[in-house]
Asker: 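Please see the structure below; I have some questions.
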Amino acid sequence: MTPEQMITLTTKEFLYNNDETRKEIPEKFYHYYKGNDAQIKEYLTSALSITYSADRIAQFQLNYINITNKLINQLAVIYKQPATRKLARLDSQGKYIVDEKATEYLKKISPLDINTQDKTAHRFAKLFGSSFTQVLFKDGTIKYRIHPCYQLTIRCEEDDIEKMNLLMYDRECNKDGRPEITTVVWTEDNHYKLDELGNIEPIENNEANINPYGCIPFAKFILNHGEDIWGVGQGDAVNVNEQINFLLTKLINDDVVLGTAGTVLGVNLGLIKKGTVDGVETGVREIKIGVKNPITVENARSDGGILPPSLNHISFEPQIEAVKQTIDWYIKTIALTKGLNPNSFLADAQSTSGYSKIIDSLEQLEIRQDDLEACRVFEKERFEITRKVNNYFAGATEGREYKLQVIDEDLEMLIDFAEIEIPKTQDELWRDRENRIKYNMASPRDFIIEENPDEDEISAQGIIDENKIINESMQPKTEGQSLLNQFLKQPGQATT
């Protein structure tokens with residue numbers, strides 16, 4: 001191994017070891033948010049081991065619920081509805097003039113699942129304190145890939161903790177017929193990968209190991225700023241979730257199963273251990289409780305001497321209601337701490353008055369307002385990276401095959417985040433639409449698009465025109481004739 005390889009491998013090992021402890025916490029957040037069964041049970045077993053023996057835990061039915069996912073999703077509401085993006089440039093009077101062609105082009109090359117990616121980026125930023133979106137070009141369009149922060153190793157400028165100068169992550173690949181973990185490396189100038197021995201290898205025929213974009217193509221989304229680029233995550237929410245899982249497991253095993261089924265009590269049954277250890281007689285067996293383990297008591301005496309052998313069934317006093325109330329208290333407390341209405345967090349949506357819905361949504365409206373600025377910063381950086389990636393491929397052979405166009409440098413992205421809509425009953429919805437039509441604030445075409453965002457103005461108008469023809473053909477030709485009778489008299493309809 002050459003000295004250069006030794007330095008590279010040592011650097012890689014140092015960065016890995018330095019990040020290993022940091023990554024454990026967000027990795028735990030990730031598994032709780034995703035509800036990964038095996039990992040959550042590992043965390044739960046570790047928590048139970050503080051109170052219970054390993055033998056006792058081995059008999060437990062491990063039970064858990066995922067409130068982390070629901071909590072984070074209710075806190076991250078910016079992209080509940082798709083955002084609207086337009087490209088514009090400033091005119092001589094300082095006003096933005098929208099470039100319709102450029103806007104349409106941006107929509108064309110953007111990922112089809114952009115709103116799903118937006119939700120994931122926001123939710124991860126809310127969960128971890130930050131999230132990182134990689135901008136890729138594949139199959140003629142831009143792709144966004146969200147990386148959980150525990151998968152990344154990042155180094156920043158000394159005087160700017162949010163200015164990345166190195167980003168690395170591991171990925172599994174196939175080398176000579178066997179799986180191998182390689183490390184992908186990005187800097188502003190270089191892009192390559194390191195094999196397991198620290199050797200530098202090119203990526204996708206990039207023999208010069210050059211970063212063609214001139215920037216690290218990852219947009220950072222930092223919601224809760226801390227002392228570094230990672231921000232501060234929802235540790236209290238995950239901790240409460242783990243405590244709830246602990247109590248739920250206790251509830252099922254100790255209070256429901258053991259508390260109601262009970263166990264067996266054996267008195268003077270001769271269950272003393274035989275033999276010696278280091279010349280000393282062993283004591284009685286370790287007491288285990290549970291449906292499968294009787295409690296044994298040896299040499300039990302009374303005033304009349306040793307009690308006769310007996311085998312009895314005993315039961316305990318289960319604390320089912322007390323444990324359930326504690327679990328409910330935990331859930332309500334974390335909801336209140338995060339600014340959510342605990343009643344709406346626990347219960348399903350119900351049909352209530354508009355005023356009640358507004359009151360229930362006030363917390364989310366305030367949370368949304370707090371996140372808007374961070375969302376705009378993220379959107380701006382992601383667009384700038386998207387422009388660089390697009391413009392590079394627009395001048396490359398691969399991009400010309402897909403007829404990519406250059407996005408001018410003087411264009412800026414204007415973004416409009418959808419407002420949180422208060423749910424309406426059918427009566428409220430129709431009254432609202434009637435007023436909007438009355439004052440020329442909307443048309444039936446707008447309502448079709450509201451109910452089905454996949455429709456555009458042309459297709460919506462086509463639906464209206466088609467329905468108009470059908471409805472007019474259904475109008476009664478004779479006064480007093482019902483629409484149903486008119487319909488039944490049309491050709492092809494059954495009559496009696």
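The structure presented is a predicted model; accordingly, all values stated were derived computationally and were not measured.
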Asker: When you check the side-chain N and O atoms of Asp254 and Tyr52, is any donor under 3.5 Å from an acceptor?
Answerer: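 Result is yes, a qualifying pair exists.
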Asker: Tell me, with the steps shown, if Asp328 and Lys332 meet salt bridge (charged side-chain N to carboxylate O under 4.0 Å, His left out).
Answerer: CA-CA 6 Å; Asp328 287 344; Lys332 291 179 179 179; 6.0 Å; no
Asker: Hey, does the side chain of His147 reach the backbone of Thr133 with a donor-acceptor pair shorter than 3.5 angstrom?
Answerer: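 Side chain of His147 to backbone of Thr133, a donor-acceptor pair under 3.5 Å: no, none is there.
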Asker: Determine whether a donor-acceptor pair (N or O, by modelled atom type, separation under 3.5 Å) exists between the side chain of Ser46 and the backbone of Glu42.
Answerer: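 A pair under 3.5 Å: no.
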Asker: In terms of side-chain heavy atoms, does His122 have a donor or acceptor partner in Asp371 at a distance below 3.5 Å?
Answerer: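 Looking only at side-chain atoms, Asp371 and His122 do form a donor-acceptor pair, the distance falling under 3.5 Å.
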Asker: Between Glu455 and Arg445, is there a side-chain N and carboxylate O pair less than 4.0 Å apart?
Answerer: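 Judged by the 4.0 Å cut-off on N to carboxylate O distance, Glu455 and Arg445 do not form a salt bridge.
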Asker: Mind listing the closest non-hydrogen atom pair of Leu197 and Asp195 along with its distance?
Answerer: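 Closest approach of Leu197 to Asp195, heavy atoms only: N-OD1, 2.9 Å.
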Asker: For Lys126, does its backbone N or O pair with a side-chain atom of Gln234 as donor and acceptor, under 3.5 Å?
Answerer: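 Here the side-chain-to-backbone pair exists.
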Asker: Ser131 versus Phe378: any side-chain heavy-atom pair under 4.5 Å?
Answerer: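 Counting from C-beta outward, Ser131 and Phe378 never come under 4.5 Å.
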Asker: With sequence neighbours left out, which residue pairs that include part of residues 198-217 fulfil the ring pair (Phe, Tyr, Trp, His ring centres under 6.0 Å) condition?
Answerer: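 Of all non-adjacent pairs touching residues 198-217, those that pass ring pair (Phe, Tyr, Trp, His ring centres under 6.0 Å) are Tyr213-Tyr392.
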Asker: Rounded to the nearest 0.5 Å, how far does CG of Asn63 lie from CG of Leu251?
Answerer: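 It is 8.5 Å, given to the nearest 0.5 Å.
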Asker: Check step by step if salt bridge (charged side-chain N to carboxylate O under 4.0 Å, His left out) holds for Arg382 and Glu379.
Answerer: CA-CA 5 Å; Arg382 189 177 66 175; Glu379 288 275 357; 3.3 Å; yes
Asker: Using side-chain hydrogen bond (donor to acceptor under 3.5 Å, both in side chains) as the criterion, point out the one residue from Tyr43, Tyr64, Tyr32 that pairs with Glu242.
Answerer: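 The single option meeting the side-chain hydrogen bond (donor to acceptor under 3.5 Å, both in side chains) with Glu242 is Tyr32.
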Asker: Look at the side chain of Asp118 and the backbone N and O of Tyr79, then say whether any donor-acceptor pair between them is shorter than 3.5 Å.
Answerer: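 Judged by distance alone, no pair lies under 3.5 Å.
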Asker: Examine Arg85 relative to Phe383 and say whether NZ or CZ is less than 6.0 Å from the centre of the six-membered ring and inside a 45° cone about the ring axis.
Answerer: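 Because its charged atom misses either the 6.0 Å distance or the 45° angle limit, Arg85 does not stack over Phe383.
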Asker: Please indicate whether Leu112 has more than 12 foreign heavy atoms, meaning atoms of other residues, nucleotides or ligands, lying under 6.0 Å from its CG.
Answerer: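 For Leu112, atom CG is not crowded (no more than 12 foreign heavy atoms under 6.0 Å).
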Asker: Any ion pair linking Glu384 and Arg387 (charged N to carboxylate O, less than 4.0 Å)?
Answerer: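 The answer is yes: the pair qualifies as a salt bridge.
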Asker: When you look at CG of Leu247, are more than 12 heavy atoms from neighbouring residues, nucleotides or ligands closer to it than 6.0 Å?
Answerer: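 Above 12, so yes.
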Asker: Rounded at 0.5 Å granularity, tell me how far CG in Leu71 sits from CD1 in Ile331.
Answerer: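 It comes to 10.5 Å.
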Asker: Kindly determine whether Tyr192 and Asn199 satisfy side-chain hydrogen bond (donor to acceptor under 3.5 Å, both in side chains), including the steps that lead there.
Answerer: CA-CA 10 Å; Tyr192 54 88; Asn199 299 308; over 6 Å; no
Asker: NZ of Lys193 to CE of Met168: how many Å apart, nearest 0.5 Å?
Answerer: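 Lys193 atom NZ to Met168 atom CE measures 15.5 Å (nearest 0.5 Å).
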Asker: Looking at Asp432 and Arg436, is there a salt bridge between them, counting it only when a charged N and a carboxylate O are closer than 4.0 Å?
Answerer: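 Counted as a salt bridge, because a side-chain N and a carboxylate O are separated by less than 4.0 Å.
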Asker: Rounded to the nearest 0.5 Å, what separates atom OG1 in Thr141 from atom CD1 in Ile109?
Answerer: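 Thr141 atom OG1 to Ile109 atom CD1 measures 8.5 Å (nearest 0.5 Å).
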Asker: Would you please name every residue forming a side chain to side chain contact (heavy atoms under 4.5 Å, CB included) with Glu451, sequence neighbours left out?
Answerer: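 If we apply the side chain to side chain contact (heavy atoms under 4.5 Å, CB included) test to Glu451, skipping adjacent residues, the hits are Arg433.
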Asker: Tell me every residue that passes side chain to side chain contact (heavy atoms under 4.5 Å, CB included) with Val98, counting only those two or more places apart in sequence or in another chain.
Answerer: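 Listed in chain order: Lys86, Ala88, Glu100, Thr103.
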Asker: From Ile210 CD1 over to His191 NE2, what is the distance, rounded to the nearest 0.5 angstrom?
Answerer: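 Here the rounded value is 12.0 Å.
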Asker: Taking all atoms of both residues into account, what is the closest heavy-atom pair of Arg368 and Ala418, and its distance?
Answerer: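 Result for this residue pair: NH2-O, 3.0 Å.
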Asker: Give the minimum heavy-atom separation between Phe132 and Cys149, together with the two atoms involved.
Answerer: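 So the minimum-distance heavy-atom pair works out to CE1-CB, 4.1 Å.
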